[in-house]
Amino acid sequence: LCALAHGYEWLLAARAVAGAFGGVMGAVVYSIIGDAIPESRRGAATGKVMSAFSLAAVVGVPTGLFLATLSDWRAPFYFLTGVSGLILMAVWYIVPAQRTHLVHRRERNPLKQLHAIFFNCTHLTAFSMIATLMFAGFSVIPFISPYMVANVGMKESELPHLYFFGGLATFFTARLIGKLADKHGKREIFALIAVASIIPIMLLTHLPKTSVVWGVAVTALFMVLVSGRLVPAMALITASVESRLRGSFMSFNSAIQQIAMGLAALMAGSIIGESASGELLNYGTVGIVASLATLVAIYFSSRLK
C-alpha cells in the first residue's frame, strides 16, 4: 500500500495500517517466545529477537536508501513486500504451531478476558514496570539528534554514525545479556543493567561540546544499556502471565509501551527549552527524571511474580 500510494494522505493512511498490524505482530512474536521457549532459555531467545531490531536498523536504513537511489522512493517498499513474503513462508514451515492455549477458547468472553488481565496484581505490576521503563528511555531518545547538533557540535551529516555504531554494538550485546539473564537470573540482571544504564543517561543528557568520537561512544553505551535492559525485562514480563492469556496480555503490553513513549516525549518536550543561540535547555533535567523512572522500574521488577 505504501509503494502504491499516490500523495501524502494515501501514504499516511498506508503507514497507519502498517502500524496497526505491526503493533499486534510484535506482541505475537513475544507470545510465541513465551509459549515455545522454556523459561531457562527464554532470556537468550528474547535477546536474539531483540538483536534483530538492531540489525534491521544497521542494515535496513542503508539498504532502503541504496534502493531509493537506484530507482525511486517506492523501491524499498516493494523490496520489503518481497522479503515479507519470504518470511511468511519460512514462518509457516519452520515455526511450530502454537495451539495449546486454544483449549481455553470457550472461556474467551471479551469482558471476562479484560477482567482476567486487568484485575490481576501481577499483570498490573508488569504493565507498570514496562510503562516506567519505556518512559525512562523515550524521554531521552527523541531529543538525542537535536541535542547532539545544537549542544555537542556534531554535524547533521555525522548523525548516522550514532545509530550505526550504536545499533551494531546492540546487535552483539543483546544476545550476551539474554544469556547472562538465563544463567544468573532475569530479575538480577535486569536490576544490574538498569542501574548501570543511569550512567550513560546522565552522561548523554549533560554532554558538553566534545569530539564526534566521544559523542558516538556515549550514545553507543546509552543504546547498549537502555535497550539491553529490555531483554531481561521482556523475559520477566512474558513469564508473568498464563499461556491462555499471553496473546491478549502482550497486545495490551505493546499498547501501554506506545502510550508511555508518547507521554515521555510529551513530558520531555514540555521541559526542554531553546536558548537564543539555538541550544537546548534543561535536557539534564530530563535525564534526572529518566533516571528516577528507571529506579521505579527496578522497584516494580522486584514485585513481579
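Residue numbers count from 1 along this sequence.
No path of Ile, Leu, Val, Met, Phe, Trp and Tyr side chains, each step under 4.5 Å between heavy atoms, connects Leu176 with Leu192, placing them in separate hydrophobic clusters.
As a member of the Ile/Leu/Val/Met/Phe/Trp/Tyr network built from side-chain separations under 4.5 Å, Tyr78 groups with Leu4.
At least one donor-acceptor pair closer than 3.5 Å links the side chain of Ser139 to the backbone N or O of Ala136. Between the Arg246 side chain and the Thr238 main chain, a donor and an acceptor come within less than 3.5 Å of each other. No side-chain donor-acceptor contact under 3.5 Å links Ser254 to the backbone of Ser251. Panel note: side chain Tyr283, backbone Ala268; no donor-acceptor pair is recorded below 3.5 Å. Listed for the Asn151 side chain is no donor-acceptor partner under 3.5 Å among the backbone atoms of Glu279. Using a distance-only test at 3.5 Å, with no hydrogens or angles considered, no donor-acceptor pair links the side chain of Arg187 to the main chain of Leu236. Although no hydrogens or angles enter the test, the distance criterion places no donor-acceptor pair under 3.5 Å between the side chain of Arg229 and the main chain of Val195. His206 contributes a side-chain N or O that, together with a main-chain N or O of Met202, makes up a donor-acceptor pair within less than 3.5 Å. Side-chain atoms of Thr132 come within 3.5 Å of backbone atoms of Met129 as a donor-acceptor pair (strictly under, hydrogens ignored).
Both tests do not hold together for Arg175 against Phe172: distance to the six-membered ring centre under 6.0 Å, angle to the ring axis within 45°.
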*Checking side-chain contact (heavy atoms from CB on, under 4.5 Å) for the pair Met154/Leu162: CA distance, chi angles, key distance, verdict?*
CA-CA 10 Å; Met154 290 183 66; Leu162 297 178; 4.0 Å; yes
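Ring geometry for Phe119 against His115 counts as parallel: the plane angle stays under 30°, on a 0 to 90° scale with 60° as the upper cut.
Here the shortest heavy-atom pairing between Pro76 and Gly64 reads CG-O, 3.3 Å.
Between Pro146 and Leu280, some side-chain heavy-atom pair lies under the 4.5 Å cut-off.
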